[in-house]
Number of protein chains: 2
Amino acid sequence: MARIKDVADRAGVSTASVSRVLSGKENVSAEMRERVMAAVEELDYQPNLVARSLRSQRSSTVGLIVSDIRNPFFTDVSRAVEDTVHEQGYALFLCNADEDPEKEMLYLERMQAQNVAGIIYSPTRRSAESFPDLDISVPTVIIDRAVRSSEVDMVLIDNVDAAYRLTEHLIENGYRRIAGLFGKASVTGRERRQGYEEALQAHHLAPPDRQARYIAPKIEAGKATALRILAHDRPPDAILTTNSLLTAGTLMAIRERGLLTPDDVGLVGFDETTWGALVEPAVTIIAQPTYEIGTTAAGLLLQRVENPDRSPRKVILQGDLVARGSSAPRLGI
Amino acid sequence: MARIKDVADRAGVSTASVSRVLSGKENVSAEMRERVMAAVEELDYQPNLVARSLRSQRSSTVGLIVSDIRNPFFTDVSRAVEDTVHEQGYALFLCNADEDPEKEMLYLERMQAQNVAGIIYSPTRRSAESFPDLDISVPTVIIDRAVRSSEVDMVLIDNVDAAYRLTEHLIENGYRRIAGLFGKASVTGRERRQGYEEALQAHHLAPPDRQARYIAPKIEAGKATALRILAHDRPPDAILTTNSLLTAGTLMAIRERGLLTPDDVGLVGFDETTWGALVEPAVTIIAQPTYEIGTTAAGLLLQRVENPDRSPRKVILQGDLVARGSSAPRLGI
DNA sequence: CTGAAAGCGCTAACAA
DNA sequence: TTGTTAGCGCTTTCAG
């Protein structure tokens, strides 16, 4: 790989001048610019970003750490983040923590050690709780899962409200024994459970015995738990799930038991997916504004990169209830 | 952030010794090791990877560039790659080229400039064709989409064969007018079309007029094209698609037209997804061994990092035909 | 086994 | 406007 010295020699100028031209500084003569650019072309010179970053203590890559790359929510958000940062000349490096706090810490450290310009991430419950102690030294924006800190930018949705509305929707449609599958790795799971319980209470209902559970937010866990719940002697008449992986697992369980939705059991969940509207009946969901979450988070991050002292902001977006067949009104009421 | 100098001062030793301890060198006394580690603990020292990488010309991150982060095939592969490299102490940075050759080049350059240990990527057709000219200077493994070069490690599946079997499966089940939707950004699309055409020919059939098309490998394009094909005066009796995004789009189109699968039109595609078995009827697919592709690619890459002169290898895996309801035998034959 | 010193490739003061 | 020089934080010779 050609180095800046090679370019400088070829153009017959100093390395400082090459650097100035390449970083678009003002005070450079037209002739200098031309000669340097010619040499750059000829040598196909690509600046070494490692050296640049070490020296300038800056960089033009931002990092995104998602909890689970197989959850379409996060891939949709990442598309949005990418679009936004790309417009501003940043590249995006994505890491998958896979709901594992260890990996999350690893990547958090790694990204800082790589000197990224900023980090967007959705913390597991464990790191959400210890967030203030993490002392992250680069601009950071939290998405999806709140942390206990007013010192950091966050982009969230109102989970309590969303789960409340989703639960109430079931109740209004005549469902009474509503089971709940909540992601155990995140505060999101907690908040959604809260909304669920509040809605039940407001209607003088309670979660059916042992049918509201925190579980790993994965397809397999969703399926296994749903199978168990459906085998209960007093099975639920509806199941609420808090992410699309759990929804999928639950639907698999329902099918495996040979049950019909919504006749035997209603089903509602979170997040729009490729398949939510393709299965029969289509699944009722709270659609999160993934693209907006991503662009907003990226926008906040880049603002903070420019101006680290700006006061932190917490943006709360709303989910959108999309009622479909899987929670159709119960017959006979 | 504490620097190595701070650790050295605190421990009362030289920076060289700190470096030796941290990189696990042999010739260090037990006492030295102890003192250094104590200082590291106290200061919560994290080595600056940028500086380390600049100096040592090595790094412990590998890059993965995928064509489309929303295609479950790639997220599944990336999980596998991550698992493998993680075991060996590497971190994985993922980038999404979004089927855009420009972005792909950007990330390819970026990763090299960031001095990653190696790169795994699936090239768009454009870069697949110009691959030999790309002169990538770090170890590279190509996945999913072959390039014209015997100088590079690749992990692929036999696309011609897979598409042949998938097409033949339709023919054996009595379908005769088989439309085809092929991804236009990749050689994969080409190869699968070849298998499709060979199978048709072998059975003295031909693609229905204007019903075999190269299109953007996205849901929207799949849906739009399928709608158009289904509106043809002699519509197909089956549609073959070459990735799960196109399958989803096609299924949406079928539903929107109020058609039934497989009665009105059969449907087959590639890649196992969350939803492929959840829709009614379930979709017949060629399941690619995503996990094996990922671990194999990661393994080859790390081998090459250790030994850059090893002769290149081309690993060809087989897809697995999973016959389901969407291609059930036509009635009346 | 340990320390001093050079230098990875670049940018930012400072001079000229 | 341009060049010279120092040094970002680390690893790696080379002496000792």
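Lettering follows sequence order; numbering is per chain, from 1.
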Integer-rounded Å distance: D/dG3 C1' and A/I4 CD1: 13 Å
Under 4.0 angstrom between B/Y45 side-chain N/O and D/dC10 OP1 or OP2: yes
B/R55 (side chain) and C/dG9 (base): donor-acceptor pair under 3.5 Å: no
DNA chain C: 5'-proximal contact among B/V28 and A/R20 (nearest heavy atom): B/V28
OP1 or OP2 of C/dG3 under 4.0 Å from side-chain N/O of B/S14: yes
Nearest-nucleotide 5' precedence on DNA chain D, B/V18 against A/A16: A/A16
For atom CG of B/L54 and atom P of D/dC10, their distance in whole Å: 12 Å
For atom CD of B/E26 and atom P of C/dC1, their distance in whole Å: 9 Å
SB check A/R79 A/D76 (cutoff 4.0 Å): no
Phosphate OP1/OP2 of D/dT12 contacted by B/Q57 side-chain N/O (<4.0 Å): no
Point-to-point distance, once rounded to the nearest 0.5 Å, from OG1 of A/T61 to CG of A/N115: 8.0 Å
Sugar-phosphate, base or nothing in reach of B/S19, heavy atoms under 4.0 Å: base
Which residue lies more 5' along DNA chain C, comparing B/G12 with A/Q46 via nearest heavy atoms: B/G12
Value in whole Å for how far the P atom of D/dT11 lies from CG of B/N48: 9 Å
Sugar-phosphate only, base, or nothing, as touched by A/R58 at under 4.0 Å among non-hydrogen atoms: sugar-phosphate
Donor-acceptor pair between B/T84 and B/T295 side chains, under 3.5 angstrom: no
Candidate nucleotides C/dA4, D/dT2, D/dT11, ranked by approach to the side chain of A/S29 - the nearest: D/dT2
N-O pairing of B/E82 and A/K103 below 4.0 Å: yes
d(CG, A/N115; P, D/dC8) in whole Å: 14 Å
Nucleotide nearest A/S56 (side chain, heavy atoms from C-beta), chosen from C/dC10, C/dA12, D/dT11: C/dA12
Candidate nucleotides D/dT2, D/dC10, D/dT12, ranked by approach to the side chain of B/R3 - the nearest: D/dC10
Value in whole Å for how far the P atom of D/dG3 lies from NZ of A/K5: 12 Å
B/S137 and B/Q112 side chains, donor-acceptor separation under 3.5 Å: yes
Length of the CG-C1' vector between B/D6 and D/dC10, whole Å: 13 Å
A/K25 NZ - D/dG3 C1' separation (whole Å): 16 Å
Touch class at under 4.0 angstrom, heavy-atom based, for A/N27 against every strand present: base
salt_bridge(A/D153, A/R310) N-O dist < 4.0 Å: yes
Presence of A/R52 side-chain N/O under 4.0 Å of C/dG9 phosphate oxygens OP1/OP2: no
Sugar-phosphate, base or nothing in reach of B/V50, heavy atoms under 4.0 Å: nothing
